[in-house]
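Working notes for the structure below.
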Amino acid sequence: MVISLSLDTWVSLAVVVTAAASLYAALRRDIKGETGSLRVELKQDIAELRTELKQEIADTRTELKQDMVELRTELKQDMAELRTELKQDMAELRTDLKTDIARLDDRIYGLAAGMRPPWEQKRAD
């Protein structure tokens, strides 16, 4: 069984094949074009994200530096307050020690003065 096709059929088949090839090529071009435009869009989005991240990092760094300065200032104030308190405590202790030493000195002098007359009597004898 041999199929014979007329010239019109062969021309119609050629037109269909050519149309299919043209459609395939057009679709492929659109896909490549879309892929290319998607690639460009992705690169732009990545660049924008990079810029935003750099800015956020810079802002965060600035905030951290400010926080560190504030903490340092607070620590200096706390240390100054503690130093003042320690100086006051030491001054009070020094005063108490001087008072205690003076009291002991007076007691020892009183004891020595109270024993002096018997010593002087022994010398006179």
Side-chain angles (χ1 to χ4, degrees):
M1 173 156 117
V2 177
I3 301 176
S4 65
L5 298 173
S6 68
L7 183 59
D8 289 337
T9 308
W10 282 109
V11 170
S12 296
L13 271 172
V15 168
V16 169
V17 169
T18 304
S22 298
L23 183 62
Y24 175 76
L27 287 174
R28 188 166 169 96
R29 236 181 289 129
D30 282 347
I31 290 173
K32 280 187 177 181
E34 287 178 18
T35 303
S37 66
L38 284 176
R39 186 175 288 158
V40 170
E41 288 178 26
L42 282 174
K43 284 183 179 180
Q44 289 173 347
D45 289 344
I46 289 171
E48 289 173 10
L49 285 173
R50 243 187 213 146
T51 304
E52 289 177 18
L53 284 175
K54 284 181 182 179
Q55 185 61 44
E56 286 183 29
I57 289 170
D59 292 344
T60 303
R61 181 177 281 158
T62 303
E63 289 177 23
L64 285 174
K65 284 182 180 180
Q66 290 172 349
D67 290 346
M68 287 173 59
V69 167
E70 290 173 6
L71 284 174
R72 190 175 192 176
T73 303
E74 288 178 25
L75 283 173
K76 282 183 178 180
Q77 290 173 348
D78 289 347
M79 292 295 288
E81 290 173 6
L82 285 174
R83 179 180 274 157
T84 303
E85 288 178 23
L86 284 173
K87 283 182 178 179
Q88 289 173 349
D89 290 347
M90 288 178 67
E92 290 174 9
L93 284 174
R94 193 175 279 150
T95 303
D96 290 346
L97 281 173
K98 283 182 180 180
T99 303
D100 291 344
I101 289 172
R103 192 177 331 126
L104 283 173
D105 191 41
D106 289 344
R107 284 185 184 173
I108 290 173
Y109 182 75
L111 286 173
M115 295 186 80
R116 200 177 241 171
W119 287 344
E120 288 176 1
Q121 287 176 0
K122 286 185 183 178
R123 282 189 184 172
D125 290 338

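Note: hydrogens, waters and symmetry copies are ignored here, and every other heavy atom, side chains too, is used. The model shown is predicted, which means the values in this text are computed figures rather than measured ones.
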- Task: Would you please test Glu81 and Asp78 for side-chain contact (heavy atoms from CB on, under 4.5 Å) and show each step?
- Result: CA-CA 5 Å; Glu81 290 173 6; Asp78 289 347; 4.2 Å; yes
- Query: Which pairs, with at least one residue in residues 46-72 and sequence neighbours excluded, count as a salt bridge (charged side-chain N to carboxylate O under 4.0 Å, His left out)?
  - Reply: none
- Item | Spatial distance of atom OG1 (Thr18) from atom CG (Leu23) [nearest 0.5 Å] | 12.5 Å
- Item | Distance (rounded to the nearest 0.5 Å) between Gln55 CD and Thr60 OG1 | 9.5 Å
- CE of Met79 to CG of Leu82, rounded to nearest 0.5 Å, is 6.5 Å
- Note on the structure: Sequence neighbours excluded, the answer for side-chain hydrogen bond (donor to acceptor under 3.5 Å, both in side chains) partners of Arg94 is none
- Please list all pairs passing the salt bridge (charged side-chain N to carboxylate O under 4.0 Å, His left out) test where one or both residues lie in residues 101-112, with sequence neighbours left out. Asp100-Arg103
- Message: Return the CG to CD1 distance between Leu64 and Ile57, rounded to the nearest 0.5 Å.
- Response: 11.5 Å
